[in-house]
Amino acid sequence: MSKTLASYYQQAYACEHKHFNQCFYCGCEATERDHCPPLHMLQSIIDLGEEADFISIAACYECNALLHNERLMTIDERFTKLKKKLSNKYAKALRVYNMWEENELSEMSDEFAHSIQAGMKLGKEASERLAFTGFTYATEEARVTVREKTKEFDVEGTVFTDFKEALNYCINELKVQKSDFYKILVEDYNGDFNRALSQYRHRHNKVTTASDGNSLIKDFAKQHKQNSDFVTRTVKHFINKDPSLTTEAALEKLYNNYIKK
């Protein structure tokens, strides 16, 4: 390490004893120092006159490695990026942890139960690391207060402090389908329950409407002794020409135009 470049960084240390030797990003044991911005990028940053925090802070080996090549200039940016990287890296384990319960393991084969249990354990650890909020730290020049506020998950006005509890509420009380909703929640809306619920219901209603429409077409074809493919094609043609038409209205139009004598 170049002493000249290293001198640009101020050492940041936890202000409270309970956070000594803890990774600022995830709460695990700290074995490294994360440099903000990365030390190997510093010369080009200086040459370009870019602004940065120029702080080194306690980090675990994994978080330090994940942030090594991230050209992010502030601790806040690095903190946010790290959480996204952890979420992506442990996505499968997090899914297992959030989707399964301990009381379900007894119903599985020993091999499958062991695999799920290992995934749940890893997923729980990842969940706790993602929930870690950092800590107040000090440098030679300043004290930076980090609000150690527990993350909250709002589900239509009901607030939870645990992601899995919020998810189970949606499954048990709001009756969403577990795997479909989880995919929308995590992959499409980054844990925003209200937006995910809105999209889930929109998709579910479309599927229900399509299913109901198919039933109406089948019943119509049988009642009027028409080929069901002909009825389906005609209904789709009418609706494509006039999207405001419902299936019932399109069937009524078909009846009046082609069947009624």
Side-chain angles (χ1 to χ4, degrees), residues 1-94 122-154 161-163 185-193 195:
M1 180 186 295
S2 167
K3 290 184 179 180
T4 303
L5 291 179
S7 67
Y8 275 84
Y9 295 89
Q10 294 187 67
Q11 300 281 307
Y13 296 98
C15 293
E16 295 183 48
H17 183 269
K18 65 179 180 179
H19 296 304
F20 290 177
N21 298 319
Q22 237 183 343
C23 173
F24 174 77
Y25 300 106
C26 76
C28 289
E29 181 182 1
T31 58
E32 317 291 328
R33 303 288 300 181
D34 175 57
H35 289 78
C36 172
L39 186 59
H40 65 283
M41 300 178 183
L42 182 58
Q43 189 61 62
S44 66
I45 290 168
I46 293 170
D47 292 343
L48 293 170
E50 296 179 86
E51 294 186 0
D53 281 349
F54 298 112
I55 287 173
S56 75
I57 198 163
C60 66
Y61 177 84
E62 183 176 23
C63 288
N64 188 52
L66 288 171
L67 290 171
H68 180 69
N69 289 317
E70 294 296 335
R71 195 182 179 91
L72 299 171
M73 307 302 189
T74 70
I75 292 292
D76 285 347
E77 290 175 319
R78 297 177 77 73
F79 189 90
T80 300
K81 185 68 174 183
L82 187 279
K83 296 298 186 182
K84 290 180 180 178
K85 281 180 165 279
L86 283 180
S87 293
N88 291 335
K89 182 174 181 178
Y90 294 104
K92 289 184 179 179
L94 286 164
L122 182 59
K124 183 179 180 181
E125 292 173 356
S127 179
E128 290 171 351
R129 293 175 72 187
L130 288 170
F132 187 72
T133 57
F135 48 74
T136 296
Y137 61 88
T139 67
E140 296 172 5
E141 296 182 357
R143 176 188 174 100
V144 178
T145 300
V146 176
R147 288 191 307 158
E148 297 175 31
K149 183 182 179 184
T150 303
K151 188 170 183 180
E152 295 181 342
F153 303 95
D154 182 288
T161 57
D162 182 84
F163 179 89
L185 176 65
V186 174
E187 296 182 11
D188 297 342
Y189 291 102
N190 195 32
D192 187 323
F193 280 86
R195 293 176 65 200

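Count residues from 1 along the sequence.
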Could you tell me the separation between the [atom1] atom of [X] and the [atom2] atom of [Y], rounded to the nearest 0.5 Å?
{"X": "Gln43", "Y": "Leu48", "atom1": "CD", "atom2": "CG", "result": "10.0 Å"}
{"X": "Ser87", "Y": "Leu82", "atom1": "OG", "atom2": "CG", "result": "9.5 Å"}
{"X": "Tyr9", "Y": "Asp34", "atom1": "OH", "atom2": "CG", "result": "9.0 Å"}
{"X": "Glu125", "Y": "Leu86", "atom1": "CD", "atom2": "CG", "result": "12.0 Å"}

Are side-chain heavy atoms of [X] and [Y] found at a separation under 4.5 Å?
{"X": "His35", "Y": "Leu42", "result": "no"}
{"X": "Phe163", "Y": "Phe193", "result": "yes"}
{"X": "Ile57", "Y": "Cys36", "result": "no"}

Subject >> Cationic tip of Arg33 above Phe24 ring, under 6.0 Å, 45° of axis >> reply: no
Identify the heavy atoms of [X] and [Y] that sit nearest to each other, and give their distance.
{"X": "Ala12", "Y": "Tyr137", "value": "CB-CD1, 3.6 Å"}
{"X": "Ile75", "Y": "Tyr25", "value": "CD1-OH, 4.0 Å"}
{"X": "Pro38", "Y": "Leu72", "value": "CD-O, 4.3 Å"}
{"X": "Leu94", "Y": "Ser127", "value": "CD2-N, 3.7 Å"}
{"X": "Phe153", "Y": "Gly191", "value": "CD2-O, 4.3 Å"}
{"X": "Tyr8", "Y": "Phe54", "value": "O-CB, 3.4 Å"}

Quick check: are there more than 12 heavy atoms from other residues, nucleotides or ligands sitting under 6.0 Å from [atom1] of [X]?
{"X": "Lys124", "atom1": "NZ", "answer": "no"}
{"X": "Asn69", "atom1": "CG", "answer": "yes"}
{"X": "Asn190", "atom1": "CG", "answer": "no"}
{"X": "Tyr61", "atom1": "OH", "answer": "no"}

Using modelled atom types only, decide if a donor and an acceptor are shared between the side chain of [X] and the backbone of [Y] within a distance under 3.5 Å.
{"X": "Lys81", "Y": "Leu66", "result": "no"}
{"X": "Lys92", "Y": "Gly123", "result": "no"}
{"X": "Arg78", "Y": "Leu67", "result": "yes"}
{"X": "Ser44", "Y": "Met41", "result": "yes"}
{"X": "Gln10", "Y": "Glu141", "result": "yes"}

**OP:** Kindly indicate, with the supporting measurements, whether the criterion side chain to side chain contact (heavy atoms under 4.5 Å, CB included) is fulfilled by Leu130 and Lys151.
**Re:** CA-CA 10 Å; Leu130 288 170; Lys151 188 170 183 180; over 6 Å; no
**OP:** On the 0 to 90° scale, with breaks at 30° and 60°, tag the His68-His40 ring pair as parallel, tilted or perpendicular.
**Re:** parallel
Original post:
Which is it for Cys26 and Glu62 under the side chain to side chain contact (heavy atoms under 4.5 Å, CB included) test, yes or no, and what are the steps along the way?
Top reply: CA-CA 10 Å; Cys26 76; Glu62 183 176 23; over 6 Å; no
Original post:
Under 3.5 Å, is there a donor-acceptor pair between the Gln22 and His19 side chains?
Top reply: yes
